[in-house]
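Here is the structure we will look at.
Below, chains carry the letters A, B, ... as their sequence lines are ordered, and counting in each starts from 1.
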Amino acid sequence: MRIYNTLSKTKEEFVPVEPGQVKIYACGPTVYNYFHVGNARTFLFFDIVRTYLTYKGYQVKYIQNLTDIDDKLIQQSIDEDLPVNVIAEKYIEGFFTDIEALGLRKADDYPRATEYIIEMIELIRKLEKEGFAYNVNGDVYFSVASFNGYGKLSGKNLEELKAGARVEENPDKKHHADFTLWKSAKPGEPSWDSPWGKGRPGWHTECVVMSQKLLGDSIDIHCGAVDLIFPHHENEIAQAEAITGRQFVKYWMHGGFLNISGEKMSKSLQNFFLTRDILQKYDAEALRFFFLSKHYRSTIDFSEELIKEADRAVKSLYQALNEVDYSAFKNEKVTIPEEMEEFRQKFENAMEDDFNTAKAIAVIFELAKLTKINFLKTRDNYKASAFLLVELGSILGFFSNLDEKLATNLNDLSGKLIDLLLSCRTRLKQEKNWQLADLIRDDLNELGIQIKDTAEGTIWRLNR
RNA sequence: GGCGACAUCGCCAAGUGGUAAGGCAAGGGUCUGCAAAAUCCUCAUCCCCGGUUCGAAUCCGGGUGUCGCCUCCA
């Protein structure tokens with residue numbers, strides 16, 4: 001299994017710190033709003049990483065944090081005229097609603113920043129004591145010059161950062177790349193007591209503390225989107241490794257951005273899409289297909305047209321199962337013949353090459369095709385390939401509500417009524433009353449009931 | 001200004017030296033009373049120029065274009 005590591009800028013063989021176990025820390029949302037489709041892509045991808053590693057037999061511990069105190073939350077609390085903790089609760093609830101709608105599995109824990117204030121203060125004190133941090137009037141900064149190795153993740157050096165220049169000068173800082181560990185509170189802001197006075201922790205500290213507390217000093221995978229490489233993750237490394245002297249994270253994984261029509265999503269451009277709004281209009285698996293059809297590190301361009309296209313693609317996958325009447329044999333015990341395992345192998349090869357989901361999806365489609373061919377030609381092995389199709393597809397999160405989507409019976413009465421209508425239509429056809437027969441067909445179609453006139457007679461299916 | 005990424009069929013997208021996966025769309029055939037569905041078939045030499053090599057979409061150099069990071073951001 002090979003994973004691209006931002007730290008080395010290469011694909012590396014994946015070897016967990018402790019054999020058989022994988023510890024993953026995923027940067028979660030700052031809960032000042034419902035999350036957008038870009039967040040959704042990131043969250044969804046790391047859920048796939050977790051799911052795949054679990055499928056491979058690793059014992060995975062997966063943590064995703066919730067940032068529930070920070071400047072944006074404070075601003076939002078002013079905008080909505082609600083206390084910060086109420087804002088946080090509101091959007092945390094929204095977060096859980098939305099990830100469920102997206103079909104993500106729950107993380108093992110969702111630690112919140114405000115639950116770890118004491119631990120953060122403790123960390124900052126240690127940093128200060130050991131000369132990595134300094135206090136200026138109640139604001140505590142991390143001194144980047146004191147940590148040798150600063151910039152190793154993002155590939156920046158302190159000189160370049162200085163030359164960057166576009167940064168607002170803060171005369172309190174020794175080096176302008178120094179970042180805030182503890183921020184003193186202005187009147188009215190939520191705050192906690194600390195050795196430096198009332199204030200709140202800086203953003204970069206929470207992930208270090210929660211990662212170390214819940215997963216240990218050295219973990220396997222820490223992930224987020226590319227924008228977090230600098231400064232967020234760079235700053236995490238500095239704090240964590242300054243204290244422990246050990247490698248904080250073995251594999252840093254970063255997902256690519258999602259743009260809207262070639263442009264970065266931003267509120268000012270009015271091209272901002274909340275995940276919940278998109279899920280209102282489109283099927284969650286269509287969105288999932290859209291995300292996974294491109295490699296996770298590439299920038300992806302979002303448009304509703306592409307979601308519609310993805311929706312058609314997903315439907316054709318379901319259609320394959322419909323064709324072979326998967327519902328009728330889904331509870332049977334079927335063993336997958338040896339020669340069919342080559343598909344699993346191809347699928348795994350794709351996934352194990354830095355999670356090449358686009359390639360893995362191609363295998364899924366090949367399997368769908370094979371299933372139909374087996375069914376039509378030989379009637380052999382089609383059950384096995386259907387099972388394999390569902391198994392592998394499920395790893396990518398597809399086929400999550402098969403029963404609903406494959407349903408051929410509404411309920412007894414409705415089904416019988418449809419059958420009744422169809423037998424009338426058959427009679428009309430025999431009488432060559434095409435006009436009326438077609439009317440019934442078209443009207444049923446309007447209702448989402450698709451008629452198929454086959455050699456064996458007329459059958460119907462719910463159009464998904 | 002500094003650092004970096006990318007450019008493959010109408011659209012989306014794999015592919016990191018051995019002769020272009022997959023999806024969507026499109027066209028044609030079969031089936032059908034007509035349709036739909038299904039099914040079969042068709043559909044690219046990889047931004048440009050130069051180089052390395054027996055051989056390059058894949059490596060090197062130079063262009064052009066797009067994008068990202070350097071500031072809160074998934």
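Comparing B:U58 with B:U42, their C1' atoms are spaced 28 Å from each other, to the whole Å. Across B:G28 and B:A35, the matching P atoms stand 13 Å from one another, rounded to whole Å. When the P atom is used for both B:U45 and B:U32, the distance is 38 Å, rounded to whole Å. Between B:C49 and B:A57, the distance separating the two P atoms is 13 Å to the nearest Å. Look at the C1' atom in both B:C12 and B:A25: the space between them is 11 Å, to the nearest Å. Comparing the P positions of B:C24 and B:C41 gives a spacing of 15 Å, expressed to the nearest Å.
Candidate nucleotides B:C34, B:C24, B:A14 were compared by shortest atom distance to the side chain of A:Lys294, and B:A14 ranks first. Checking B:A21, B:A74, B:U71 against the side-chain heavy atoms of A:Thr30 singles out B:A74 as nearest. Side-chain proximity of A:Phe230 to the nucleotides B:C34, B:A74, B:C70 is greatest for B:C70.
In summary, the side chains of A:Asp139 and A:Ser184 do present a donor paired with an acceptor at a separation below 3.5 Å, with no hydrogens or angles considered.
Stacking between A:Phe257 and B:G68 is absent: the aromatic ring centre is not both under 5.5 angstrom from the base six-membered ring centre and within 30 degrees in plane angle.
At the heavy-atom level, A:Arg441 lies under 4.0 Å from base atoms of the strands shown. Across all strands shown, A:Phe365 has heavy atoms under 4.0 Å from sugar-phosphate atoms exclusively, and none from any base. Counting non-hydrogen atoms under 4.0 angstrom, A:Glu323 reaches the backbone sugars and phosphates but no base. Across all strands shown, A:Gly255 has no heavy atoms under 4.0 Å from either base or sugar-phosphate atoms. Within 4.0 Å of A:Leu228, counting heavy atoms only, lie sugar-phosphate atoms of the nucleic acid but no base atom. Residue-level contact check: A:His232 touches neither bases nor backbone, having no heavy atom under 4.0 Å from any strand. At the heavy-atom level, A:Ser154 lies nowhere under 4.0 Å from the strands shown.
Note: A:Phe45 and A:Phe355 have perpendicular aromatic rings, judged against thresholds of 30 and 60 degrees for the angle between ring planes.
Judged by Watson-Crick or G-U wobble contacts below 3.5 Å, the nucleotide B:U58 has no partner. B:G33 is unpaired under the criterion used here, namely a Watson-Crick or G-U wobble arrangement in which both key atom distances are under 3.5 Å. Shown here, B:A25 forms no base pair; nothing in the strands shown gives a Watson-Crick or G-U wobble contact with both key distances under 3.5 Å. Nucleotide B:U64 forms a pair with B:A7, judged by Watson-Crick or G-U wobble geometry with both contacts under 3.5 Å.
For the pair A:Gln319 and A:Arg41, nearest-nucleotide mapping onto RNA chain B gives the more 5' position to A:Gln319. Mapping A:Phe289 and A:Ser298 onto RNA chain B by nearest heavy atom places A:Ser298 closer to the 5' end of the strand.
Listed by chain and number, the residues in a ring-ring contact (aromatic ring centres under 6.0 Å, His included) with A:Phe43 are A:Phe35, A:Phe95 (sequence neighbours excluded). Applying the salt bridge (charged side-chain N to carboxylate O under 4.0 Å, His left out) criterion to A:Arg41, with sequence neighbours excluded, gives no partner residue.
For the pair A:Arg2 and A:Tyr4, the cation-pi criterion (under 6.0 Å, within 45° of the ring axis) is not fulfilled.
For RNA chain B, the neighbouring residues in residues 367-385 of chain A, judged by any heavy atom under 4.0 Å, are A:Lys372, A:Leu376. In the region residues 345-361 of chain A, proximity to RNA chain B at under 4.0 angstrom, judged on heavy atoms, holds for A:Asn356, A:Ala358, A:Lys359. Of the residues in residues 6-14 of chain A, not one comes within less than 4.0 Å of RNA chain B through any heavy atom.
A straight line from CG of A:Asn259 to P of B:C6 spans 16 Å, rounded to a whole angstrom. In this structure, A:Arg425 atom CZ and B:U32 atom C1' are separated by 11 Å, rounded to whole Å.
A:Arg50 has a carboxylate O that lies under 4.0 Å from a charged side-chain N of A:Asp47, or vice versa, which qualifies the two as a salt bridge.
Residues A:Tyr296 and A:Phe291 place their aromatic rings such that the two centres sit no closer than 6.0 Å.
Proximity of A:Arg312 to the phosphate of B:A25: a side-chain N or O atom is located under 4.0 Å from OP1 or OP2. In this model, the phosphate group of B:C34 is not approached by any side-chain N or O of A:Lys429 to a distance below 4.0 Å at OP1 or OP2. For B:C72, neither phosphate oxygen OP1 nor OP2 lies less than 4.0 angstrom from any side-chain nitrogen or oxygen of A:Lys72.
Between the side chain of A:Asp453 and the base of B:A35 there is at least one donor-acceptor pair of N/O atoms closer than 3.5 Å. Contact annotation: side chain of A:Asp438 to base of B:G33, donor-acceptor pair present below 3.5 Å.
Under the salt bridge (charged side-chain N to carboxylate O under 4.0 Å, His left out) criterion, the residue pairs touching residues 96-106 of chain A are A:Asp98-A:Arg276, with sequence neighbours excluded.
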### Task
Begin with the C-alpha distance, continue with both residues' side-chain angles, and end with the deciding distance and a verdict on side chain to side chain contact (heavy atoms under 4.5 Å, CB included) for A:Glu206 and A:Tyr116.
CA-CA 7 Å; A:Glu206 65 178 70; A:Tyr116 288 84; over 6 Å; no
